[in-house]
Amino acid sequence: MKTLFIILAVITSILSAILAVLPISNLALIPAILAFVFAFVAHYMSKKEGEVRKIIPFTFFLTTIALILSLYKALFIASEVTQTESLEAKEIQLEEEAIDELEELDLEIEEIEDITID
């Protein structure tokens with residue numbers, strides 16, 4: 001059981017570290033909290049048996065670094081969207097093209113309706 005909690009703690013701490021580096025760093029909080037819970041349970045079980053593995057403090061350390069990094073990114077790095085004018089112009093252009101294509105399809109349907117089968 002202790003090994004299971006150690007493995008879960010390591011996996012979730014690595015996942016939180018990976019998510020903390022990515023632009024979606026706010027999602028790193030969920031695996032970080034889980035990593036702390038799993039590592040705490042593993043540490044408690046290991047201490048009860050008398051042997052504490054070195055991987056458990058490493059898990060705490062990695063999770064703490066991931067939390068610090070994601071909190072730093074959340075507080076000090078503002079994500080800004082620039083040059084939205086070109087995106088809006090492209091969207092309008094694509095919308096007009098879609099409308100033209102739909103109008104062409106309407107003409108083809110009217111042509112098919114005019115054909116009579118003898």
Side-chain angles (χ1 to χ4, degrees):
M1 192 70 159
K2 175 183 67 171
T3 308
L4 175 69
F5 281 110
I6 291 173
I7 291 171
L8 288 174
V10 169
I11 290 172
T12 53
S13 68
I14 291 172
L15 182 65
S16 68
I18 290 171
L19 287 175
V21 175
L22 294 175
I24 52 172
S25 62
N26 293 339
L27 293 179
L29 296 175
I30 296 168
I33 291 170
L34 289 174
F36 272 129
V37 169
F38 293 144
F40 179 74
V41 171
H43 181 69
Y44 179 74
M45 292 176 140
S46 295
K47 207 166 193 180
K48 189 188 285 187
E49 292 178 4
E51 64 171 291
V52 177
R53 295 187 179 177
K54 292 185 180 182
I55 192 79
I56 297 171
F58 174 73
T59 304
F60 280 121
F61 176 72
L62 185 62
T63 307
T64 305
I65 295 298
L67 275 175
I68 290 171
L69 184 62
S70 64
L71 287 174
Y72 171 78
K73 287 176 77 173
L75 294 176
F76 295 112
I77 296 178
S79 58
E80 296 178 8
V81 178
T82 58
Q83 297 179 351
T84 57
E85 296 84 20
S86 62
L87 292 174
E88 290 173 358
K90 183 71 173 176
E91 182 179 345
I92 291 171
Q93 178 188 3
L94 290 174
E95 185 177 327
E96 290 172 355
E97 289 175 2
I99 290 172
D100 291 340
E101 289 178 14
L102 287 174
E103 288 175 352
E104 289 175 10
L105 288 175
D106 285 339
L107 291 175
E108 291 173 4
I109 291 173
E110 289 174 1
E111 291 172 2
I112 293 173
E113 290 175 353
D114 290 341
I115 298 176
T116 57
I117 301 175
D118 294 321

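Index from 1, following the sequence.
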> Is there a path from Val10 to Leu29 through hydrophobic residues (I, L, V, M, F, W, Y) whose side chains come within less than 4.5 Å of each other?
Replying inline: yes

>> When you group the ILVMFWY residues by side-chain heavy-atom contacts below 4.5 Å and let the links chain together, are Leu94 and Ile92 in the same group?
In response: no

> How long is the span from the OG atom in Ser46 to the CD1 atom in Ile55, to the nearest 0.5 Å?
Replying inline: 11.5 Å

> Can you name the closest pair of heavy atoms from Thr63 and Ala32 and give their distance?
Replying inline: CG2-O, 3.3 Å

>> Looking at every non-hydrogen atom in both residues, tell me the closest pair between Ala20 and Ala66 and how far apart they are.
In response: CB-O, 3.5 Å

> Do side-chain atoms of Lys73 reach the backbone of Val21 as a donor and acceptor pair under 3.5 angstrom?
Replying inline: yes

> Considering all heavy atoms of both residues, which atom of Lys2 and which atom of Met45 are nearest to each other, and what is their separation?
Replying inline: CA-SD, 3.9 Å

>> Does Gln93 have more than 12 heavy atoms from other residues, nucleotides or ligands lying within 6.0 Å of its CD?
In response: yes

> Looking at Leu19 and Pro31, what are the two nearest heavy atoms and their distance?
Replying inline: CD1-CG, 3.9 Å

>> Do Ile6 and Phe58 sit in one hydrophobic cluster, given that two such residues count as connected whenever their side-chain heavy atoms are within less than 4.5 Å of each other, even indirectly?
In response: yes

>> Please verify the inter-ring angle class for Phe60 with His43; under 30° counts as parallel, over 60° as perpendicular, anything in between as tilted.
In response: perpendicular

> Do Leu67 and Ile18 share a hydrophobic cluster (ILVMFWY, side-chain heavy atoms under 4.5 Å, transitive)?
Replying inline: yes

> Could you go step by step and tell me if Phe38 and Ile7 meet the side chain to side chain contact (heavy atoms under 4.5 Å, CB included) rule?
Replying inline: CA-CA 9 Å; Phe38 293 144; Ile7 291 171; over 6 Å; no

>> Rounded at 0.5 Å granularity, tell me how far CD1 in Ile77 sits from OG in Ser70.
In response: 11.0 Å

> Parallel, tilted or perpendicular: which describes the rings of Phe40 and Tyr44, with under 30° parallel and over 60° perpendicular?
Replying inline: parallel

> Any side-chain heavy-atom pair from Ser25 and Leu69 closer than 4.5 angstrom?
Replying inline: no

> Do you know which two heavy atoms are closest between Thr59 and Ala9, and how far apart they sit?
Replying inline: CG2-O, 3.3 Å

>> Ignoring hydrogens, what is the shortest heavy-atom contact between Thr12 and Leu34? Give both atom names and the distance.
In response: OG1-C, 4.1 Å

>> Working to the nearest 0.5 angstrom, can you tell me the gap between Leu15 CG and Ile11 CD1?
In response: 9.5 Å

> Can you get from Ile56 to Phe5 by hopping between Ile, Leu, Val, Met, Phe, Trp and Tyr side chains that sit under 4.5 Å apart?
Replying inline: no

> Heavy-atom distance under 4.5 Å between the side chains of Ile33 and Phe36, does that happen here?
Replying inline: no

